[in-house]
Amino acid sequence: KKFVLKNGLRLIVHEDHKAPIAAFNVWYHVGSKNEKPGKTGFAHLFEHLMFEGSEHHNDGYFKVMDALGATDLNGTTNNDRTNYFENFPVSALDKVLWIESDRMGFMVGVIDSAKLNQQRGVVQNEKRLDENQPYAVADELTAKGTYPSNHPYSWTVIGSMDDLDAASIKDVKDWFKSYYGPNNAVICIAGDVNADSIYNKVNKYFGDLPAVPPIARPAAWTA
């Protein structure tokens with residue numbers, strides 16, 4: 001079943017009653033294509049920050065999810081989207097929805113210099129690791145050679161070292177305020193659940209989150 005909440009959040013629920021588990025996946029319609037020259041790597045950097053705690057649970061995301069018995073939990077970023085996901089026992093559903101709604105609605109207040117600098121370093125080390133792999137330079141050269149320099153696909157998802165160095169608290173907070181709203185997200189829940197019950201629960205935890213301003217999508221590269 002598909003649902004749309006009043007704040008624009010889209011919800012897809014798939015029932016599968018083979019085992020008492022469920023999977024949660026939220027996709028935000030934001031990726032490296034939403035960056036600008038001189039400010040690349042923000043989508044991926046913010047993905048890392050999303051695991052550092054939120055305003056009503058200012059502690060590590062992995063810590064609480066491990067305690068709930070969650071598995072296969074992570075996040076990924078590409079040119080067009082950023083997603084976060086986990087599998088968990090259905091008994092943990094309410095806690096998972098609460099944590100995920102807090103990450104969607106209440107991140108700005110806990111982003112500080114310490115968290116930004118820590119995750120900036122993690123991302124830069126990831127970039128160094130990637131660049132030391134065989135043929136690593138091919139990805140960057142392909143992006144630059146395939147698209148004009150001002151095209152949002154002309155840089156790599158991980159961005160440049162200089163841009164990552166320059167990322168400020170204001171930059172990452174503005175990124176969240178611009179793109180991490182319910183009207184720019186799709187939640188998919190699959191497993192041993194009832195679709196109508198899931199709608200009611202998602203509406204309970206996410207329904208009051210305010211929408212972000214409408215996002216302009218230039219016709220030349222809408223995705």
Side-chain angles (χ1 to χ4, degrees), residues 26-55 58-63 73-85 100 102-181 184-185 212-213 215-218 221 223:
V26 56
W27 285 46
Y28 292 93
H29 194 105
V30 58
S32 61
K33 75 163 186 248
N34 298 96
E35 299 161 355
K36 297 177 181 178
K39 292 184 180 292
T40 63
F42 275 61
H44 180 235
L45 178 60
F46 201 89
E47 177 211 317
H48 279 247
L49 285 168
M50 282 282 281
F51 292 94
E52 292 299 297
S54 48
E55 292 179 22
N58 193 10
D59 200 357
Y61 162 89
F62 289 104
K63 181 179 178 181
L73 51 157
N74 214 327
T76 69
T77 307
N78 71 13
N79 301 90
D80 301 311
R81 56 101 189 113
T82 309
N83 73 324
Y84 306 89
F85 50 88
E100 291 290 358
D102 210 50
R103 292 208 292 176
M104 181 182 289
F106 303 95
M107 281 288 296
V108 170
V110 296
I111 300 173
D112 56 23
S113 296
K115 290 181 177 180
L116 174 57
N117 289 334
Q118 180 187 35
Q119 294 308 314
R120 187 202 319 271
V122 171
V123 170
Q124 288 179 326
N125 281 336
E126 185 178 326
K127 181 174 173 64
R128 293 184 188 101
L129 180 64
D130 289 344
E131 288 178 345
N132 279 283
Q133 301 299 314
Y135 308 108
V137 72
D139 290 337
E140 186 167 352
L141 293 177
T142 298
K144 289 180 177 179
T146 305
Y147 299 96
S149 61
N150 64 340
H151 193 283
Y153 289 172
S154 66
W155 52 83
T156 58
V157 173
I158 203 164
S160 77
M161 281 292 190
D162 288 343
D163 291 353
L164 291 169
D165 278 333
S168 69
I169 292 288
K170 183 181 185 303
D171 289 331
V172 294
K173 287 187 176 184
D174 287 347
W175 186 266
F176 176 81
K177 293 174 184 178
S178 297
Y179 300 111
Y180 275 74
N184 200 41
V212 295
I215 298 166
R217 308 193 191 280
W221 47 272

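Each residue takes its place number in the sequence, starting with 1.
The closest side-chain heavy-atom distance from E140 to K144 is below 4.5 Å. Taking 4.5 Å as the limit, some side-chain heavy atom of I158 sits within range of a side-chain heavy atom of E126. Within the 4.5 Å cutoff, the side chain of H48 has no heavy atoms near those of the R120 side chain. Between L45 and W175, every side-chain heavy-atom pair lies at or beyond the 4.5 Å cut-off. At least one side-chain heavy atom of V26 sits less than 4.5 Å from a side-chain heavy atom of M104. Looking at L73 and F62, their side chains come closer than 4.5 Å, going by heavy atoms from C-beta outward. In this structure the side chain of L116 never reaches within 4.5 angstrom of the side chain of S113, judged on heavy atoms.
At least one donor-acceptor pair closer than 3.5 Å links the side chain of W155 to the backbone N or O of S32. Remark: side-chain polar atoms of D165 are not paired, donor with acceptor, to backbone N or O of D162 under 3.5 angstrom. One N or O on the side chain of K127 and one on the backbone of G159 form a donor-acceptor pair closer than 3.5 Å. Checked by atom type and distance alone, the side chain of N184 pairs as donor or acceptor with a backbone atom of Y179 at under 3.5 Å. A side-chain donor-acceptor contact under 3.5 Å links Q133 to the backbone of L129. Not a single donor-acceptor pair under 3.5 Å links the side chain of S54 to the backbone N or O of M107.
In this structure, Y147 and H151 have parallel ring planes: the angle between them is below the 30° cut-off, well short of the 60° mark.
To the nearest 0.5 Å, atom CG of residue L49 and atom CD of residue Q118 are 9.5 Å apart. H44 contributes atom NE2, which lies 10.5 Å from atom CD of E35 (distance to the nearest 0.5 angstrom). For the atom pair OG1 of T156 and CG of D139, the computed distance is 8.0 Å after rounding to the nearest 0.5 Å. N79 contributes atom CG, which lies 8.5 Å from atom NZ of K33 (distance to the nearest 0.5 angstrom). For the atom pair NE2 (H29) and CD1 (I215), the distance works out to 7.5 Å, reported to the nearest 0.5 Å. Y84 contributes atom OH, which lies 9.0 Å from atom OG1 of T76 (distance to the nearest 0.5 angstrom).
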Inset, instruction - Show your reasoning for whether side chain to side chain contact (heavy atoms under 4.5 Å, CB included) applies to Y153 and T146. - result: CA-CA 9 Å; Y153 289 172; T146 305; over 6 Å; no
Legend entry - Derivation of the side chain to side chain donor-acceptor pair (under 3.5 Å) call for T82 and E47: CA-CA 7 Å; T82 309; E47 177 211 317; over 6 Å; no
Legend entry - CA sep, side-chain torsions, deciding dist, call: D163, K39, salt bridge (Lys or Arg N to Asp or Glu O under 4.0 Å): CA-CA 5 Å; D163 291 353; K39 292 184 180 292; over 6 Å; no
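Applying the ring-ring contact (aromatic ring centres under 6.0 Å, His included) test between Y180 and each of F42, F106, F46 identifies F46 as the sole match. Among the candidates Q119, R103, K63, the single residue satisfying the side chain to side chain contact (heavy atoms under 4.5 Å, CB included) test with F51 is R103.
The two residues S154 and P148 make their nearest non-hydrogen contact at CB-O, 3.2 Å. Here the shortest heavy-atom pairing between E55 and G109 reads OE2-N, 2.8 Å.
Applying the side-chain contact (heavy atoms from CB on, under 4.5 Å) test to D112 and every residue at least two apart in sequence or in another chain returns A114, K115.
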